[in-house]
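Structure first, commentary second.
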Number of protein chains: 2
Amino acid sequence: MQNNPSLRREIPEASLRRLPIYYRSLQGMVAAGASRVSCADLARVLGLDPTQVRKDVEMTGIVGKPRVGYALDELVRWIENFLGWNRPKDAVLAGAGSLGSALLGYERFRRHGMQIVAAFDTDPEKIGQRIHGREVQPLMFLPDFVRQHKTPVGVIATPAAAAQSVADLMVSGGIRAIWNFAPAHIHLPDGFILQNEDLYHSLASLSFKLEANNALRR
Amino acid sequence: MQNNPSLRREIPEASLRRLPIYYRSLQGMVAAGASRVSCADLARVLGLDPTQVRKDVEMTGIVGKPRVGYALDELVRWIENFLGWNRPKDAVLAGAGSLGSALLGYERFRRHGMQIVAAFDTDPEKIGQRIHGREVQPLMFLPDFVRQHKTPVGVIATPAAAAQSVADLMVSGGIRAIWNFAPAHIHLPDGFILQNEDLYHSLASLSFKLEANNALRR
DNA sequence: TTGGAATCGAGAAAGTTTTCTCGATATGCA
DNA sequence: TGCATATCGAGAAAACTTTCTCGATTCCAA
């Protein structure tokens with residue numbers, strides 16, 4: 001089960017986002033006591049196209065048996081390994097508001113490739129508080145922390161106005177990837193990884209579909 | 001500025017998700033005192049392809065002037081109208097944990113097509129509490145509330161295990177769209193709108209890219 | 001008034017993702 | 001053992017999205 005970097009290029013984003021769905025279903029099947037699974041099974045449960053599932057699953061590098069499918073536990077491990085979920089990366093959090101606090105409480109991130117090891121904020125009220133076991137530190141300490149601990153990931157849960165400067169701070173400390181929850185466009189130098197988690201994107205999609213649905217009903 | 005339902009079909013999801021990005025940039029430009037904007041301007045600021053921006057903007061139905069672009073305030077209004085962000089829909093929240101509480105605090109949802117008007121939970125500790133001005137009610141009251149107020153949207157911020165049953169409850173009350181924050185696959189009858197907001201999707205993408213990046217550095 | 005430059009709008013081309021099709025192979029049953 | 005069936009794996013086709021190209025229009029400056 002090796003990761004050939006040359007094979008790891010050119011993976012469709014859409015496939016990447018479907019793997020967690022499979023992963024979750026598979027874990028449910030494990031819990032239900034199953035030991036083998038086929039792409040057709042997965043597709044049936046999730047309402048997806050079987051071929052699409054197969055293509056996605058093939059990406060991980062696993063080889064199945066015709067007429068049988070895959071060994072359930074093996075497929076789970078291949079997905080974990082493919083996504084790097086079995087090698088959790090450290091992350092720092094900027095912004096300990098309600099969203100940031102909620103993120104700090106998500107212990108399960110650890111089993112999905114990430115653990116938040118420190119939290120930072122500018123609010124004197126928040127600094128020094130402990131949230132889910134981590135003490136909130138002054139934001140200005142963030143770059144040093146990242147530098148010393150070689151933290152690869154930064155999570156931004158600040159107001160939009162602060163997002164870019166926080167990102168710059170993270171970059172200055174040597175972070176390599178940013179998970180941005182602030183509703184703001186962030187610019188990073190080339191080679192840095194940016195993952196935006198913008199609720200307003202979903203809200204746009206949801207709102208539009210609802211309007212279209214309204215129109216249909218008239 | 002009318003919404004022709006026949007024109008509102010077949011909008012690429014990707015375009016729908018880019019509109020909020022434009023919207024935000026445009027508001028920044030308004031704040032900066034600009035009065036006109038071209039697709040080229042937007043593309044430059046956001047690092048996107050100008051043609052793509054133009055195609056997306058055209059979807060809203062706005063007509064621009066060659067050599068000039070669009071009137072800034074007009075474009076903002078067209079996007080709002082296209083997405084339905086100027087006609088906020090009521091929503092009920094199920095699950096008043098840390099994420100649910102954070103969502104209740106997002107007053108800005110109202111300007112983006114949605115307002116959470118009530119919160120529900122099963123935890124006796126939480127029931128009766130006021131969170132950001134709304135009292136948490138017993139989950140079993142949700143269907144009646146939805147029925148009486150004709151609430152179109154349900155937000156699920158419960159643990160994964162409860163997600164499907166909460167969704168069924170919402171459907172039974174006559175909800176039409178569900179915004180699901182629980183990491184669970186939800187099945188809805190045909191015709192219902194489901195928007196999944198799954199942090200693990202992003203985590204998969206982020207983690208994978210980081211691994212690929214690691215591989216490059218070796 | 002006229003020429004040049006910038007932009008829109010629309011259609012064509014290229015690229016990407018999803019779906020279809022088919023051959024190979026393993027399993028279970030007669 | 002031999003046959004029917006389910007599934008993988010791979011390549012082709014179809015659908016969709018993004019990017020390219022070009023003509024039409026408007027503004028600005030000479």
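Proteins come first, then strands; the chains are lettered A, B, ... in the order of their sequence lines, and each starts at number 1. These figures come from a predicted structure and were not determined experimentally.
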Problem set entry | Under 4.0 angstrom between R18(B) side-chain N/O and dT18(D) OP1 or OP2 | yes

For this session: When you get a sec, tell me which of dC20(D), dT17(C), dT19(C) is the closest nucleotide to the side chain of D49(B)?
Result: dC20(D)

Exercise. How long is the span from the CD1 atom in I116(A) to the CZ atom in F109(A), to the nearest 0.5 Å?
Worked result: 6.0 Å

Exercise. Side chain of K55(B): nearest nucleotide among dA10(D), dA10(C), dT7(C)?
Worked result: dA10(C)

For this session: Measure the distance from CD1 on I11(A) to C1' on dT16(C) and round it to the nearest whole Å.
Result: 13 Å

For this session: May I ask you to check whether over 12 heavy atoms, not counting those of R147(B), lie within 6.0 Å of atom CZ?
Result: yes

Exercise. Can you tell me if R111(B) and N86(B) form a side-chain donor-acceptor pair at under 3.5 Å?
Worked result: no

Exercise. Is the backbone of Y22(A) close enough, under 3.5 Å, to the side chain of S25(A) for a donor and an acceptor to pair up by distance?
Worked result: no

Problem set entry | Distance in angstrom units between E58(B) CD and dA10(C) C1', rounded | 8 Å

Exercise. Within this structure, what is the CD-to-P distance between Q52(A) and dA15(D), rounded to whole angstrom?
Worked result: 16 Å

Problem set entry | Integer-rounded Å distance: dA6(C) C1' and D41(B) CG | 11 Å

Exercise. Which one, dT26(D), dT18(D), dT7(D), comes nearest to the side chain of S15(B)?
Worked result: dT18(D)

Exercise. Quick one: K65(A) NZ to dA24(C) C1', roughly how many Å, whole number?
Worked result: 16 Å

Exercise. R44(B) has a side chain; which of dT7(C), dC28(D), dT19(D) sits nearest to it?
Worked result: dT7(C)

For this session: Look at Y70(B) and dG9(C) and indicate whether a side-chain polar atom (N or O) is within less than 4.0 Å of OP1 or OP2.
Result: yes

Exercise. Do the non-hydrogen side-chain atoms of R18(A) and V53(A) ever get within less than 4.5 Å of each other?
Worked result: no

Exercise. Which whole-number value in Å describes the distance from R54(A) CZ to dA6(D) P?
Worked result: 14 Å

Problem set entry | Residue R67(B), side-chain heavy atoms: nucleotide from dT7(D), dT27(C), dC28(D) that is nearest | dC28(D)

Exercise. Picking from dG11(C), dT27(C), dG9(D), which would you name as closest to the side chain of V63(A)?
Worked result: dG9(D)

For this session: Could you pick out which residue, E13(A) or G69(B), lies toward the 5' side of DNA chain C when each is mapped onto its nearest nucleotide?
Result: G69(B)

Seminar exercise, completed: Ranking T51(A) and R36(A) by the position along DNA chain C of their nearest nucleotide, the one closer to 5' is T51(A)

Exercise. Choosing from dA26(C), dA10(C), dC8(C), which nucleotide comes nearest the side chain of P66(A)?
Worked result: dA26(C)

Problem set entry | Side-chain N,O (S38(B)) to OP1/OP2 (dT7(C)) below 4.0 Å | yes

